[in-house]
Amino acid sequence: MSEFSSKEKKILSNHFSNSDGSVFAIITPRQVDRGALMSRYSRTDKSMRRIFLDEFLKNKNRGEEFYNRVLLEYGDDSVAELGEAQIAIEGLSNIAVKKIEDRRIGLSYLEKSSRYVAWNKKIKGEYRFYRDPVLMKSKFADVFLDSCNFSFDVYSKNIEPMIKYVREKYPIEKYSFKDSKDGKEKPFSKLREEQDIKSANMIYRGSTKAKALDILRGLLPASTLTNVGITGNGRAFEYLLTVLSASELQEEQELASKIKKELDTTIKSFVRRSDDKYGKAFQSYLRELKRTSKKIAKEIKPKSSNGVRTKLVDWESEKNSIDKIITSIIYEQSPSTSYPEILNQVKKFSNQKKIKIINQFTKLRKNRRHRPSRAFESTYYTFDLLNNFGMFRDFHRHRALTLERQLLTTDHGYNTPDEIKILGIDKEYKECMDKTKESFDKIRKKLPEQGQYVVNFAYNYPYFMKFNLREACHLIELRTVPQGHIDYRRVAQQMYNQINKVHPNLSKIMKFVDLKEYDLERFESEKRTEEKRKKLK
């Protein structure tokens with residue numbers, strides 16, 4: 001017999017996907033009520049739908065009241081995760097978007113790409129880059145504007161020549177495409193169907209344009225405006241707002257206010273504390289953290305280095321790592337045995353037996369989405385990295401790891417793609433980089449944080465990454481796929497080779513690392529995308 005009357009069922013149909021099933025979706029329109037229902041659910045033996053009928057139906061402010069009491073009075077942070085929102089931010093700098101994307105937990109991002117979209121368009125006669133108010137009111141305004149405009153000029157004027165060069169170097173006749181009649185791959189010259197020729201040209205144009213934009217992106221300054229979409233829960237958004245509010249950059253402070261205003265229209269109750277007493281105290285704590293770190297860092301003598309590096313600087317012996325991983329594998333299936341007892345027994349296994357166990361788990365992986373089990377999180381690697389900021393932007397998106405980074409500067413030299421030299425624009429490219437360095441050195445003396453805006457993507461950027469073997473599988477396999485940017489593919493390949501050197505047996509779990517080089521990185525991916533398009537028609 002149903003728990004609810006016919007009348008109650010009718011009411012519930014507007015707020016839940018069903019009134020009888022043990023599994024149901026909460027579809028009541030107000031976000032605050034959905035979250036409050038989930039939280040209230042854990043504090044009573046009533047069913048959720050009964051809670052709704054008894055407590056929420058007659059009191060439209062029940063959700064708000066609940067969160068005021070639980071979040072503000074009791075500080076139960078976990079309930080803030082029950083409110084979710086999606087926001088879009090348009091026209092923020094590549095400095096600000098990195099600060100936002102530093103938040104690793106509770107938020108997901110989709111950012112405008114520099115390889116599919118050319119960044120050369122002007123709005124009201126001006127290139128799209130952020131003009132920091134503090135910079136624009138300072139004596140460095142003209143220096144900043146001249147440098148950024150010159151960077152965009154060089155980038156913009158060379159898009160078509162670079163596309164032309166790429167297409168001359170990699171002519172369409174060099175590649176094969178699918179013939180719709182027999183399903184076979186054939187050289188472009190052998191295609192006869194008009195639709196096949198059209199598809200081939202679309203694939204080729206897309207992959208060659210992406211290649212050209214990849215090469216030129218180093219010219220873009222960090223002030224370049226981008227767009228980002230964010231999906232996340234209230235707790236994560238609340239922390240993001242606090243971090244942005246504590247920033248020394250006006251752009252990030254203003255973004256905090258704008259984001260808070262929009263979140264108030266959807267999940268107000270979940271982010272209320274970001275600018276109250278609690279939030280202000282947290283902002284003070286974050287500022288003090290930075291001040292204290294700066295003070296301690298002054299004891300270290302600065303030493304700049306040019307060039308690039310991908311260096312494994314910290315790891316555990318393979319013997320100890322294998323013992324820990326096998327212990328973790330066994331632990332889950334040994335409910336009566338403690339971790340130390342299992343570890344002691346594993347240490348007595350022969351090396352041959354241990355390697356055999358690791359190889360068994362390696363064989364189980366049939367594709368890169370078959371992630372190793374959590375047991376492979378038992379060993380860690382720390383890499384010290386120095387590579388161009390454009391490449392860092394891609395690696396930065398990996399959040400299941402520890403990443404620490406420095407201010408963006410011109411202290412470590414810059415990257416010049418071979419194609420820049422071959423096309424004969426290396427002098428202009430160098431002039432752009434030199435102009436940037438000259439501008440940055442002037443600005444940094446008074447405004448080191450704001451100085452970052454003028455630095456080009458090509459400049460090398462120092463950071464370190466620490467991750468476990470399971471995350472190494474994800475990061476390195478993903479970042480060596482053929483369609484990846486050549487810069488990060490090479491760094492991921494170097495990471496693999498260095499891990500393989502110190503852990504030759506454990507590194508076998510990374511079965512899907514691609515160590516090859518490709519002419520047109522996006523070519524095969526564009527072909528797959530085109531095949532999917534055809535099936536949708």
Residues Asp384, Arg309: salt bridge by 4.0 Å N-O rule: yes
Asn500 side chain to Ser507 backbone, donor-acceptor under 3.5 Å: no
Listed partners of Glu252 passing salt bridge (Lys or Arg N to Asp or Glu O under 4.0 Å), at least two apart: Lys99
Matching residue for Phe383 among Phe464, Trp315, Phe467 - test: ring-ring contact (aromatic ring centres under 6.0 Å, His included): Phe467
Listed once per pair and sorted, the ring-ring contact (aromatic ring centres under 6.0 Å, His included) pairs that draw on residues 347-375, sequence neighbours left out: none
Check: Ser17 side chain, Ala25 main-chain N or O, donor-acceptor pair, under 3.5 Å: yes
Distance-only donor-acceptor check, side chains Gln498 and Tyr381, under 3.5 Å: no
Charged N-O contact under 4.0 Å between Glu517 and Arg490: yes
Ser334 side chain to Tyr331 backbone, donor-acceptor under 3.5 Å: no
Non-hydrogen side-chain atoms of Asp102 and His396 separated by less than 4.5 Å: yes
Glu84 (side chain) donor-acceptor with Thr231 (main chain) under 3.5 angstrom: no
Arg405 and Tyr461 side chains, donor-acceptor separation under 3.5 Å: yes
Atom pair CG/NZ of Asn94 and Lys98 - distance to nearest 0.5 Å: 6.5 Å
Under 3.5 Å donor-acceptor, Lys301 side chain and Lys298 backbone: no
Backbone N/O of Gly390 and side chain of Arg217: donor-acceptor pair under 3.5 Å: yes
Aromatic plane relationship, His398 with Phe395 - under 30° parallel, 30 to 60° tilted, over 60° perpendicular: perpendicular
Inter- and intrachain pairs under salt bridge (charged side-chain N to carboxylate O under 4.0 Å, His left out), touching residues 331-354, at least two apart: Asp323-Lys354
Ser321: partners by side chain to side chain donor-acceptor pair (under 3.5 Å), with sequence neighbours left out: Thr379
Counterpart residues, salt bridge (Lys or Arg N to Asp or Glu O under 4.0 Å), relative to Arg49 (two or more places apart): none
Donor-acceptor under 3.5 Å (Thr28 side chain, His15 main chain): no
Side chains of Glu251 and Leu92 in contact at under 4.5 Å (non-hydrogen atoms): yes
By salt bridge (Lys or Arg N to Asp or Glu O under 4.0 Å) - contacts of Asp487 (at least two apart): none
Aromatic Tyr488 / basic Arg479 pairing, under 6.0 angstrom, 45° off normal: yes
Residue pair Val117 / Lys112: nearest heavy atoms and the distance that separates them: CG1-CE, 3.7 Å
Glu471/Arg371 ion pair, N-O < 4.0 Å: yes
Glu316 backbone acceptor or donor facing His503 side chain under 3.5 Å: yes
Closest non-hydrogen atom pair, Leu386 against Pro462: CD1-N, 3.5 Å
Pairing of Glu524 and Lys516 as salt bridge, 4.0 angstrom limit: no
Among Arg368, Arg365, Arg489, salt bridge (charged side-chain N to carboxylate O under 4.0 Å, His left out) partner for Glu477: Arg365
Test item: side-chain donor near acceptor, Tyr463 and Asn387, under 3.5 Å: yes
Polar side chain donor-acceptor pair, Ser274 to Glu238, under 3.5 angstrom: no
Expected output: side-chain Tyr414 to main-chain Asn456 donor-acceptor under 3.5 Å: no
